[in-house]
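Being a predicted model, the structure only gives us computed values, none of them experimental. Reminder, nothing fancy here: chain letters follow the sequence lines and each chain counts from 1.
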Amino acid sequence: MAYNHKVIEHKWQHYWRVNETFKTVENQDKPKYYALDMFPYPSGQGLHVGHPEGYTATDIMSRMKRMQGYKVLHPMGWDAFGLPAEQYAMKTGHNPREFTAQNIKNFKRQIRSLGFSYDWSREVNTTDPAYYKWTQWIFEQLYKKGLAYEKETLVNWAPDLMGGTVVANEEVIDGKTERGGFPVYRKPMKQWILKITAYADRLIDDLDLVDWPDSIKEMQKNWIGRSIGASVLFNVEDMNEQIEVFTTRPDTLFGATYLVISPEHKLVDQITTPESKAAVEEYRSAVATKSDLERTDLNKDKTGVFTGSYAVNPVNGKKVPIWIGDYVLASYGTGAIMAVPAHDQRDYEFAKKFGIDIVPVIEGGDLSQEAYTGDGAHFNSDFLNGMDKQTAIDTMIQWLEEHQAGEKKVNYRLRDWIFSRQRYWGEPIPVIHWEDGETTLVPEDELPLKLPAAKDIRPSGTGESPLANLDDWVNVVDENGRKGRRETNTMPQWAGSSWYFLRYVDPKNSERIADEDLLKEWLPVDLYVGGAEHAVLHLLYARFWHKVLYDLGVVPTKEPFQKLVNQGMILGSNHEKMSKSKGNVVNPDDIVERYGADTLRLYEMFMGPLTESVAWSEDGLNGSRKWIDRVWRLMIDDNNHLRDRITTIDDGKLDRIYHQTVKKVTEDFENMRFNTAISQMMVFVNEAYKVDALPLVYMEGLVKMLSPIIPHVAEELWSLMDHDESITYETWPTYDESKLVEDTVQVILQVNGKVRSKITVDKDMEKDALEKVALSDSKIQQWLQDKDVRKVIVIPNKIVNIVVG
RNA sequence: GCCGCUGUGGCGGAAUUGGCAGACGCGCUGGACUCAAAAUCCAGUUCCUUCACGGGAGUGUGGGUUCGACCCCCACCGGCGGCACCA
């Protein structure tokens, strides 16, 4: 009977479910393997064909590892808080909880239809109070450690997004919200902030401990942006104030001809002279009304205004003017810089525009054109004269420290993490603000602090979240009659996803985040697969929380994810990103219906390397289906029985190719090179079609190797081979090295680097003998006529190159 | 602008401690089977040239190193991703 995907897939999915085939068993005396997918946000759109690519990869690894004797943890869950549900709820008047539950149901149905070997008994859901109890608990630990604090800061205020909300720096792209593209303005507001900067060094340095793509490590390093330099103190003339600047080039201090402080700098008012006041005020208000977009758009044209005051350069006592300019950011370093126009392009542009002195202190470049930022001998620099850059930097830092005029300093581009969101559909921050000014945590034994049910979610209009409308929930009174108000901000979506992989280890634990011994048993995650769009934020936040929990003794490892792999994107057949508007979206449900889950899995693994983006091709998909049919026909006859050709007799014809295949498939799977593993199995099947006798053990081996990729087909073939049990825990095939060696090898004969002949000789033939054979080859002889042999290069078992002239 | 990745037949892609470029698949061509078609099985398929044997060119472009380069080095061009006044 021909292969019928609908019957078979339904049958085995049912079998796995009833038999709890993939239930993780703990405390077994086996090596462990934790294979993790980035859990999805269950959107209303349903699954995308991009999802199953990564899921199939981890599923293959999980299934192979089970067969290799590992205990495997392979879970799935839902990152279910998020903006779309809230937007939908506001629009329709529904509660996001119901809407989200529906979406999860649909996602789960779709994921189940693909036959992944998840242990569904461990499913987690970030919106489940039993889950977010522990998200809130982690927040409380952060608070107790001083890593969560409230601060009035300039936030990214998006008044047009959901009735007004604040978004994180990371969610702002070109001055607009990442979601929706609404304009973002800077507005001071009281926010909860997590002190991720306290972990900046460890977040960079511990990247050395993990097996991640270099590109991702690089992105994280750049995001954190550690720069080592010095702070320098400038006294303000005629005033008992100092301006501290940060510079990575203290060696150019003799070339500092002015200072620039940001418009928001705290000393602006004090140092502005009466004559300059009007101009400064005008400039500041102009800057304040600019959106971030406008501010970055003015990139090329530097603006600024002179304060009227001067500072004293500590190293040479010279007076330098103090300017205000918005090219200096309040949020980086000290919000003030020393400007060295000769050796910094930004300062150069500013100085040119405002006619400020440009004093070179390093030889090189052409100052009539641009600043010189390279290395060179210093001059005009007193005790630094003649030194190169690094020596001068070290010497200057030493001088600054000896004269209490500055010190070595490290700065980070990374800012602290703004953790508040003015939204309903998120974890409530478990904090109460009391009327006497005290702020307390909700006691641990009262967690979870549940999100109140609300029929109608409306913006508060004040910038607060919709929770501010819910008086019953917001207002509290303690046992002494003291009145208080709950924190109305909720947590960002990043919160629940920063630790979910810990909960899978022990998802039902009501006493703690997860049992300590179980965490020791399963951590770290051995393989984490997901899209590169989470290269920075999710992975950085999760690492940060993990390190905090490590310091608290909650988790046993410094890093959460040992190996990380980013799958590429699946593009539309027109090589563009799939999107509704382009009409090139492929729905996995359709593919499963028409071709079956196994075909989809096979195709997505065969279409190219996992890490690359590849365009969808209906023909390619169809080819994968045809190959499954071909494998099926190789073994199964029209009466749905094993073919007679499958026998216990081994005529030896398939020995070599079989053992080669086992070796290559095993190694390729291990390295996640699924496309080449599949191609090797295709070669084996092609060979199998050419011989009369198919040894049963080889066919069983093939089915085992296929089972991680096309598990339903493999289970069915396995049972047709007269096995009663699932193939899941069968032993992975092994190969015999001795079957791979050949007695003879083909050697390439070249003349002047061009292939002219090929010969077959005994393996490991001596160099001299091989050279003789090569020179006497008839084809080679023709090429050597009337020529002098200058040199012969002999690489045994591979090549002989004869150089003639 | 800076950083990272990438460029191989008609298409997806294989092959790198430097040693037969194009595995495998798609598509296409031919053959077998069939009344016929589909499906299937078998064979061929980088380009140019040749009746054929053969020969020549060829891994984005131009140089270089080497007996030998898709692979290493230099310069440039195109594509993708990240960052973007971070001092």
Side-chain angles (χ1 to χ4, degrees), chain A residues 2 174 213-223 225-227 229-230 245-249 252 260 262 295-296 298-302 325-329 331-340 343-347 349-350 411-415 532-533 535-536 566 568-569 571 573 575 577 602-603 606-609 611-624 626-627 629-630 633 673 675-686 689-690 746-758 779 782 790-795 797-804:
Chain A
D174 290 336
D214 288 339
S215 60
I216 304 293
K217 288 188 181 184
E218 204 54 38
M219 272 194 242
Q220 293 219 339
K221 281 180 193 166
N222 291 341
W223 189 266
R226 177 161 62 190
S227 60
V245 305
F246 174 72
T247 178
T248 54
R249 296 295 303 277
T252 61
V260 187
S262 69
R295 228 166 136 158
T296 49
L298 297 174
N299 212 326
K300 282 156 210 143
D301 189 24
K302 301 269 180 301
D326 73 349
Y327 81 97
V328 171
L329 308 174
S331 51
Y332 183 75
T334 58
I337 62 155
M338 63 179 218
V340 185
H343 304 294
D344 182 286
Q345 187 58 27
R346 297 155 300 188
D347 298 342
E349 286 162 15
F350 191 85
N411 248 311
Y412 304 92
R413 203 195 75 112
L414 181 73
R415 317 278 165 78
E533 67 272 20
V536 179
N566 286 126
M569 250 192 308
L571 305 170
S573 50
H575 289 77
K577 208 169 161 173
L602 176 68
Y603 173 59
F606 184 60
M607 65 197 297
T611 52
E612 302 296 318
S613 293
V614 188
W616 184 263
S617 154
E618 200 72 18
D619 281 340
L621 178 73
N622 190 45
S624 292
K626 284 195 331 198
W627 189 67
D629 287 330
R630 183 169 159 87
R633 274 193 310 273
R673 292 189 299 248
N675 54 330
T676 51
I678 292 165
S679 122
Q680 179 65 35
M681 287 191 273
M682 287 174 169
V683 171
F684 177 72
V685 169
N686 289 347
Y689 261 89
K690 291 175 188 162
Q746 195 181 50
V747 172
I748 305 306
L749 304 185
Q750 297 182 326
V751 176
N752 285 348
K754 300 204 171 181
V755 180
R756 296 302 179 190
S757 184
K758 297 171 188 179
K779 280 186 197 148
Q782 289 169 29
R790 296 257 168 94
K791 196 173 175 184
V792 181
I793 290 108
V794 182
I795 311 291
N797 296 332
K798 279 192 174 163
I799 205 160
V800 178
N801 188 10
I802 300 157
V803 185
V804 299

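Rounded to the nearest Å, the gap between the P atom of B/rA23 and that of B/rG9 is 13 Å. One C1' atom belongs to B/rG63, the other to B/rG81, and the distance between them is 30 Å to the nearest Å. With both ends at atom C1', the span from B/rC2 to B/rA69 equals 31 Å, rounded to whole Å. Across the C1' atoms, B/rC47 and B/rC83 are found 43 Å apart, a figure rounded to whole Å. Separation of the P atoms belonging to B/rC72 and B/rG55 is 31 Å when rounded to the nearest angstrom. Nucleotides B/rG54 and B/rU8 place their P atoms 31 Å apart, quoted to the nearest Å. Between the P atoms of B/rG13 and B/rC85, the separation comes to 35 Å (whole Å). B/rC33 and B/rA39 are spaced 11 Å apart, taking the C1' atom of each and rounding to whole Å.
The CD1 atom of A/Ile802 lies 14.5 Å from the CZ atom of A/Arg790; values are rounded to the nearest 0.5 Å. Rounding to the nearest 0.5 Å places CG of A/Asn686 at 5.0 Å from CZ of A/Arg630. Here A/Ser679 contributes atom OG and A/Arg673 contributes atom CZ; the two are 11.5 Å apart, rounded to the nearest 0.5 Å. The CZ atom of A/Arg413 lies 9.5 Å from the OH atom of A/Tyr332; values are rounded to the nearest 0.5 Å. For the atom pair CG (A/Asp344) and OG1 (A/Thr252), the distance works out to 8.0 Å, reported to the nearest 0.5 Å. Interatomic distance, CD1 of A/Ile799 versus NZ of A/Lys758, reported as 11.0 Å (0.5 Å rounding).
Heavy-atom nearest nucleotides on RNA chain B were determined for A/Asp344 and for A/Glu218, and the one closer to the 5' end corresponds to A/Glu218.
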Q. For nucleotides 5-20 of chain B, read 5' to 3', which letter fits each nucleotide if B means a protein heavy atom sits under 4.0 Å from the base, S means only the sugar-phosphate is that close, and - means neither?
A. -------BSS----BB
Q) Taking protein heavy atoms under 4.0 Å as touching, what does nucleotides 40-48 of chain B look like 5' to 3' if B marks base contact, S marks sugar-phosphate-only contact and - marks none? A) SSS------
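In this structure, A/Gly333 reaches neither bases nor backbone, as no heavy-atom distance under 4.0 Å exists between it and the strands shown. Using a 4.0 Å heavy-atom criterion, one finds that A/Ser331 contacts no nucleic acid atom at all.
A sub-4.0 Å separation between OP1 or OP2 of B/rA57 and a side-chain N or O of A/Lys754 is present. One finds no side-chain N or O of A/Arg413 lying less than 4.0 angstrom from the OP1 or OP2 phosphate oxygen of B/rA87.
In this structure, A/Lys217 places its NZ atom 20 Å from P of B/rC83, rounding to the nearest Å. Between the CG atom of A/Asn411 and the P atom of B/rA87 there is a distance of 8 Å, rounded to whole Å. Residue A/Tyr332 contributes atom OH, which lies 4 Å from atom P of B/rA87 at whole-angstrom precision. In this structure, A/Trp223 places its CH2 atom 19 Å from P of B/rC3, rounding to the nearest Å. Here B/rU66 presents its P atom at 16 Å from CZ of A/Arg790, a figure rounded to the nearest Å. For A/Phe684 and B/rA23, the CZ to C1' distance is 17 Å, given to the nearest whole Å. Spacing between atom CD of A/Gln680 and atom P of B/rC24 amounts to 10 Å, rounded to whole angstrom units. In this structure, A/Phe246 atom CZ and B/rA87 atom C1' are separated by 8 Å, rounded to whole Å.
By the 30° and 60° cut-offs, the orientation of the rings of A/Phe350 relative to A/Tyr327 is tilted.
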Q: Tell me, with the steps shown, if A/Val340 and A/Thr247 meet side chain to side chain contact (heavy atoms under 4.5 Å, CB included).
A: CA-CA 10 Å; A/Val340 185; A/Thr247 178; over 6 Å; no
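The shortest side-chain heavy-atom distance between A/Leu621 and A/Glu618 falls under the 4.5 Å cut-off. When side chains are defined from C-beta on, A/Trp616 counts as touching A/Tyr603, because their heavy atoms get closer than 4.5 Å.
Here the nucleotide nearest the side chain of A/Arg756, chosen from B/rG55, B/rA87, B/rA84, is B/rG55. The side chain of A/Tyr327 sits closest to B/rC85 out of B/rC85, B/rC3, B/rC24.
At distances below 3.5 Å, not a single donor-acceptor pair connects side-chain atoms of A/Asn411 with backbone N or O atoms of A/Ser227. A donor-acceptor contact shorter than 3.5 Å links the side chain of A/Asn752 to the backbone of A/Val804.
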Q. Where does RNA chain B pair, written as one dot-bracket string 5' to 3', with Watson-Crick or G-U pairs under 3.5 Å, ( ) inside the strand, [ ] for crossing pairs and | for another strand?
A. (((((((..(((......[....)))((((((.......))))))((((....))))..(((((..]....))))))))))))....
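Counting heavy atoms of neighbouring residues, nucleotides and ligands inside a 6.0 Å radius, atom NZ of A/Lys221 exceeds 12 of them.
In this entry the base of B/rG78 is anti relative to its sugar, with a glycosidic angle more than 90° from 0.
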